[in-house]
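For reference, the structure is listed below as C-alpha cells.
Predicted model, so just to flag it, every value in this text is computed and none were measured.
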Amino acid sequence: QVQLVESGGGLVQAGGSLSLSCAASRSMISGFSIKAMGWYRQVPGKQRELVASIARYGSTMLADSYADSVKGRFTISRDAAKNTVYLQMNSLKPEDTAVYYCYFDWPQRYWGQGTQVTVSS
C-alpha cells in the first residue's frame with residue numbers, strides 16, 4: 001500500500017502563488033514502475049478535473065499535459081530523490097478554488113488526502 005501525503009494548500013489573494021507537495025511512501029526509483037503522476041482538483045457538485053500530469057514513455061518521465069485553464073500559470077515537477085511531486089501555482093484566480101488531489105499510477109492508482117486551495121478576489 002502506498003501512502004500519499006499532501007501539503008501546501010491554503011488561502012491566497014487573486015494573483016498570488018501557492019506550491020503544493022505530494023510525498024509518496026514508496027521510492028520513485030524502486031522496481032515498481034510509475035505510469036503517471038499528477039494533480040486533480042474538485043469543487044463541490046462537479047467532477048474531479050485533471051489539472052496537470054507527468055506520464056512515462058518507455059524509460060523516460062515526460063512532462064505531460066495541463067488543463068487549458070491553467071496553462072502558463074501552473075507547473076508540475078517531481079523530485080525522485082524525495083519521492084515527491086509538486087504543483088507550483090502562480091497568478092491564481094478565484095476559479096482555481098478547489099480541493100486539490102495528487103495521484104500516482106503505480107500502476108494502481110493511489111490518491112492523496114486532498115488539500116484545500118482558496119483564492120479570494
Side-chain angles (χ1 to χ4, degrees):
Q1 188 71 12
V2 177
Q3 306 296 323
L4 304 181
V5 179
E6 298 182 35
S7 61
L11 173 64
V12 65
Q13 287 188 331
S17 299
L18 284 174
S19 181
L20 305 182
S21 300
C22 174
S25 60
R26 177 185 285 171
S27 170
M28 288 189 186
I29 58 176
S30 71
F32 293 93
S33 177
I34 300 175
K35 292 177 61 178
M37 63 186 78
W39 295 87
Y40 279 77
R41 66 186 180 187
Q42 189 170 27
V43 297
K46 293 190 176 181
Q47 286 191 329
R48 201 169 283 191
E49 171 193 25
L50 180 62
V51 175
S53 66
I54 301 175
R56 174 183 291 276
Y57 291 90
S59 61
T60 304
M61 295 296 294
L62 302 175
D64 197 354
S65 61
Y66 294 89
D68 288 341
S69 58
V70 307
K71 283 181 181 177
R73 301 188 297 119
F74 289 12
T75 303
I76 188 171
S77 62
R78 67 185 181 98
D79 185 334
K82 296 182 178 180
N83 309 319
T84 299
V85 62
Y86 303 94
L87 185 67
Q88 178 64 42
M89 305 183 293
N90 298 327
S91 301
L92 282 161
K93 303 176 181 179
E95 51 263 43
D96 295 318
T97 295
V99 177
Y100 285 71
Y101 297 90
C102 65
Y103 76 94
F104 279 72
D105 290 338
W106 220 327
Q108 175 184 349
R109 176 157 292 187
Y110 297 94
W111 291 99
Q113 81 277 14
T115 187
Q116 177 70 45
V117 171
T118 302
V119 184
S120 63
S121 57

In terms of hydrophobic clusters joined by side-chain contacts under 4.5 Å, are V119 and V51 together? yes
Would you compute the distance between atom OG of S69 and atom CZ of F74 and round it to the nearest 0.5 angstrom? 7.5 Å
Contacts under 3.5 angstrom, residues 43-50 side chains, donor-acceptor by atom type, not counting sequence neighbours:
from	atom 1	to	atom 2	distance (Å)
R48	NE	Q42	OE1	3.3
R48	NH2	Q42	OE1	3.4
E49	OE1	R41	NE	2.8
E49	OE1	R41	NH2	3.4

Count I, L, V, M, F, W, Y as connected when their side-chain heavy atoms are under 4.5 Å apart, and connections chain through other members. Are F104 and I76 then in the same cluster? yes
Are Y110 and Y103 near enough that their ring centres are under 6.0 Å apart? no
What is the distance from atom CG of D105 to atom CD of Q108, rounded to the nearest 0.5 Å? 9.5 Å
Once you round to the nearest 0.5 Å, how far does CG of L87 lie from CZ of R78? 15.5 Å
What closest approach, in Å, do A14 and S121 show between heavy atoms, and which atom pair accounts for it? CB-CA, 4.4 Å
Kindly list each side-chain donor-acceptor pair under 3.5 angstrom involving residues 1-9, sequence neighbours excluded, with atom names and distances?
from	atom 1	to	atom 2	distance (Å)
E6	OE1	T115	N	3.4
E6	OE2	C102	N	3.0
E6	OE2	G114	N	3.1

Same cluster (ILVMFWY, side-chain, under 4.5 Å), L18 and W39: yes
Could you check M89 against Y100 for side chain to side chain contact (heavy atoms under 4.5 Å, CB included), going step by step and ending with a plain yes or no? CA-CA 11 Å; M89 305 183 293; Y100 285 71; 3.9 Å; yes
Any carboxylate oxygen within less than 4.0 angstrom of a Lys/Arg side-chain nitrogen, looking at K93 and D96? no
Do you know which two heavy atoms are closest between S77 and V85, and how far apart they sit? O-CG2, 3.2 Å
If I take atom OG from residue S65 and atom NZ from residue K71, how far apart are they, to the nearest 0.5 angstrom? 8.0 Å
State yes or no: do W106 and W111 share one hydrophobic cluster built from I, L, V, M, F, W and Y residues joined by side-chain heavy-atom distances below 4.5 Å, directly or via other members? no
Could you verify whether a donor N or O on one side chain and an acceptor N or O on the other, from S17 and N90, lie under 3.5 Å apart? yes
What about M37 and V70, same hydrophobic cluster or not, with Ile/Leu/Val/Met/Phe/Trp/Tyr joined at side-chain heavy-atom distances under 4.5 Å? yes
So among L11, V99, T97, L20, which one has a side chain to side chain contact (heavy atoms under 4.5 Å, CB included) with V117? L20
Grab the two heavy atoms, one from Y101 and one from G112, that are nearest each other, plus how far apart they are. CD2-O, 3.7 Å
Working to the nearest 0.5 Å, report the span between CD of Q13 and OG1 of T118. 13.0 Å
